[in-house]
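The structure appears below as structure tokens.
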Amino acid sequence: MVKAAYIHIPFCEQICHYCDFNKFLIEGQPVDDYLDAMEREIEKMLKEYPAEPLGTIYIGGGTPTALDYVQLERMLDIVNINLKPGVDTEFTVEANPSVTERQKLQILKEAGVNRLSIGVQAFQDSLLTALNRNHRRNDVARMINEAQTIGFKNISIDLMFGLPGQTLEMFKESVSLALQLNVPHVSAYSLQVEKQTVFGIRDKKGQLSLPGEEQESDMFEYLIDTLKQNGFAQYEISNFAKPGYESRHNQMYWKNERYYGIGAGAHGYVNDIRYENVKPLPHYIRKINEGVLPQRIVTRLEMKDRMEEEVFLGLRKMDGVNKARFYEKYNLEIEEVFSEQIDKLTAEGLLINDRKSIRLTNRGLFLGNEVFQEFIGVI
């Protein structure tokens, strides 16, 4: 059964140079038509793939808070009326500091949103300009202060490292300033240069100067050590939380559970089927108006595919892949399926294999992608 929903709002006031998510400049876009289509997609998905009471709802983008007041209220009404989040549902909305003023925060709070994910990325205005972010350092403290005053307690901020022109000292400053904001969750990601982005184009031309691997590794190590010293537990490779503030939605992905993906370009996972929706807005709206689901790619996973995903997603968590849970889901011991890979990676000092689980070592944290590759396409 479906346990969660991801809803994609693909509109932005400005396009970041690193972002390869499905997104469009909001000016002149058919936002109202999109919201209408989104509601009909939700209705159709609920009918075809019934859900348990949803444990988590996550509205991302794009920039959901780029919507105007009326559109924002309409979007939240669609979610509340159709998906019916309960008092125990984790209900997250991504927010950009430059377009999320007090009135929008109040709208979110009154609609039952109980978690904010704020795209900070860096605290140096020079880096924010290089990323083509449209907020500045002072916007972050202002927004978080307003959110906390209104009553938001569960607030996460995103940081990035390995950025063009970023030094270790800059990153240390960003971590320090993040801690001063008194938020209970931090996500931090290394820059991935994607082809169809401004950074990707510059990189192809040799015009993108990035920190070296050693410097990027130093940033990651500093992040882990400093957040640990300040009461944050690293519960996933890129995520750190005070006790009780771990992201339930992201944990749903890493536990390989089922979820709706709603909106243009959204990905979902229902009934052992992974799907991706069409990306262009006119195509998405047209398919909905024709009464069909707007799915572009549909892949039915065989058991071997599901087992591989169970491992490489689960290894992102610090507690790794639980052996009893794996057996409960697949009626096989994990060593029956992946003994060669587990033995090899354990011998290389990248995995811990005990009675309860397999999980990354400290060294494995820094070489996660290499570990995950060992479990793909091997059955």
Side-chain angles (χ1 to χ4, degrees), residues 7 9 13 55-69 72-73 75-76 79-80 85-125 127-128 133-160 171-189 223 226-236 238-251:
I7 297 165
I9 306 299
E13 289 199 340
T56 78
I57 296 170
Y58 191 106
I59 303 176
T63 310
T65 53
L67 303 183
D68 66 29
Y69 302 136
L72 188 61
E73 288 179 336
M75 176 193 70
L76 294 165
V79 172
N80 279 314
V87 292
D88 295 326
T89 304
E90 181 188 83
F91 189 176
T92 304
V93 173
E94 289 183 354
N96 185 314
S98 67
V99 294
T100 312
E101 71 277 15
R102 189 180 188 90
Q103 187 171 342
K104 288 185 179 179
L105 289 167
Q106 195 70 52
I107 289 170
L108 296 175
K109 185 68 175 173
E110 290 174 359
V113 174
N114 53 30
R115 185 174 185 271
L116 298 175
S117 179
I118 302 171
V120 175
Q121 318 313 353
F123 282 90
Q124 295 76 31
D125 287 350
L127 290 182
L128 293 170
R133 299 287 296 177
N134 63 350
H135 76 270
R136 292 297 174 260
R137 170 175 171 164
N138 292 338
D139 295 326
V140 176
R142 184 267 312 160
M143 179 194 163
I144 290 178
N145 180 261
E146 288 181 345
Q148 291 169 334
T149 300
I150 286 170
F152 284 101
K153 295 180 180 179
N154 196 350
I155 300 174
S156 176
I157 64 172
D158 287 354
L159 297 177
M160 296 181 72
F171 186 65
K172 287 181 177 181
E173 181 187 38
S174 287
V175 173
S176 174
L177 291 169
L179 289 169
Q180 292 175 32
L181 295 171
N182 196 30
V183 297
H185 192 282
V186 175
S187 298
Y189 305 96
L223 174 80
T226 304
L227 290 183
K228 182 178 180 180
Q229 291 166 14
N230 285 273
F232 287 79
Q234 183 182 17
Y235 67 100
E236 189 268 347
S238 301
N239 286 270
F240 305 78
K242 295 284 183 72
Y245 287 95
E246 298 83 359
S247 167
R248 286 161 52 194
H249 188 82
N250 285 344
Q251 288 184 89

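Proximity of Leu105 to Met143: side-chain heavy atoms (C-beta onward) are separated by under 4.5 Å at one or more points. You'll find the side chain of Ile59 stays beyond 4.5 Å of the side chain of Val113, heavy atoms only. Residues Thr65 and Leu108 have side chains in contact (heavy-atom distance under 4.5 Å, counting atoms from C-beta outward). For the pair Val120 and Leu159, the minimum side-chain heavy-atom distance is below 4.5 Å. Side chains of Leu116 and Ile144 form no contact here, defined as non-hydrogen atoms less than 4.5 Å apart. Contact of the Arg133 side chain with the Leu127 side chain is not registered, since no non-hydrogen atoms from C-beta on lie closer than 4.5 Å. Gln103 has its side chain out of reach of Gln106: every pair of non-hydrogen atoms, C-beta onward, lies at least 4.5 Å apart. The side-chain heavy atoms of Phe91 and Asn80, taken from C-beta on, include a pair separated by under 4.5 Å.
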Quiz item: Which is it for Thr92 and Thr56 under the side-chain contact (heavy atoms from CB on, under 4.5 Å) test, yes or no, and what are the steps along the way?
Solution: CA-CA 8 Å; Thr92 304; Thr56 78; over 6 Å; no

Practice problem: Determine, step by step, whether Val99 and Leu67 satisfy the side-chain contact (heavy atoms from CB on, under 4.5 Å) criterion, reporting the C-alpha distance in whole Å, the side-chain angles of both residues, the deciding distance to 0.1 Å, and the verdict. | Solution: CA-CA 9 Å; Val99 294; Leu67 303 183; over 6 Å; no

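For His135, the side-chain hydrogen bond (donor to acceptor under 3.5 Å, both in side chains) test picks out no residue, with sequence neighbours left out. Legend: residues meeting salt bridge (Lys or Arg N to Asp or Glu O under 4.0 Å) with Glu236, ordered by chain and number and at least two apart, are Arg316. When the salt bridge (Lys or Arg N to Asp or Glu O under 4.0 Å) test is applied to Arg102, no partner is found at least two apart in sequence or on another chain. Evaluation of the side chain to side chain contact (heavy atoms under 4.5 Å, CB included) rule for Gln180 yields Ser176, Leu177 as partners, not counting sequence neighbours. The side chain to side chain contact (heavy atoms under 4.5 Å, CB included) check on Lys228 picks up nothing, with sequence neighbours excluded. Residues that satisfy the side chain to side chain contact (heavy atoms under 4.5 Å, CB included) test with Asn138, not counting sequence neighbours, are absent from this structure. Residues forming a salt bridge (Lys or Arg N to Asp or Glu O under 4.0 Å) with Arg137 (at least two apart in sequence, or on another chain): Glu173. Take Ser247 and apply the side-chain hydrogen bond (donor to acceptor under 3.5 Å, both in side chains) test, not counting sequence neighbours, and it matches no residue. Residues forming a side chain to side chain contact (heavy atoms under 4.5 Å, CB included) with Asp68 (at least two apart in sequence, or on another chain): Val70, Gln71. In terms of the side-chain hydrogen bond (donor to acceptor under 3.5 Å, both in side chains) criterion, Thr89 has no residue partners (sequence neighbours excluded). For the salt bridge (Lys or Arg N to Asp or Glu O under 4.0 Å) test, residues two or more places apart in sequence or in another chain that qualify with Glu146 are Arg142.
The nearest pair of heavy atoms linking Ala178 to Val183 is O-CG2, 4.3 Å. The minimum heavy-atom distance between Thr100 and Ala95, with the atom names listed, is OG1-CB, 3.7 Å. Nearest heavy atom pair, residue Lys242 against residue Gly231, reads CD-O, 3.3 Å.
Counting only distance, with no hydrogens or angles, the side chain of Gln148 and the backbone of Leu181 share a donor-acceptor pair below 3.5 Å. Between the side chain of Asn239 and the backbone N or O of Tyr235, no donor-acceptor pair lies under 3.5 Å. No donor-acceptor pair closer than 3.5 Å links the side chain of Asp125 to the backbone N or O of Arg136. With hydrogens and angles ignored, the 3.5 Å screen pairs a side-chain donor or acceptor of Ser174 with a backbone N or O of Phe123. The backbone N or O of Ala147 lies less than 3.5 Å from no partner atom in the side chain of Lys109, so there is not a single donor-acceptor pair. With hydrogens and angles ignored, the 3.5 Å screen pairs a side-chain donor or acceptor of Arg248 with a backbone N or O of Gly55. Between the side chain of Glu90 and the backbone N or O of His249 there is at least one donor-acceptor pair closer than 3.5 Å.
A side-chain N or O of Asn134 and one of Ser98 form a donor-acceptor pair less than 3.5 Å apart. A side-chain N or O of Glu94 and one of Tyr58 form a donor-acceptor pair less than 3.5 Å apart.
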Check: residues 150-158 side-chain donor-acceptor pairs under 3.5 Å, at least two apart:
unit_1, atom_1, unit_2, atom_2, d
Ser156, OG, His185, ND1, 2.8

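The distance from atom CD of Gln234 to atom CZ of Phe240, rounded to the nearest 0.5 Å, is 4.0 Å. Atom CG of Leu179 is separated from atom CG of Asn230 by 4.5 Å, given to the nearest 0.5 angstrom.
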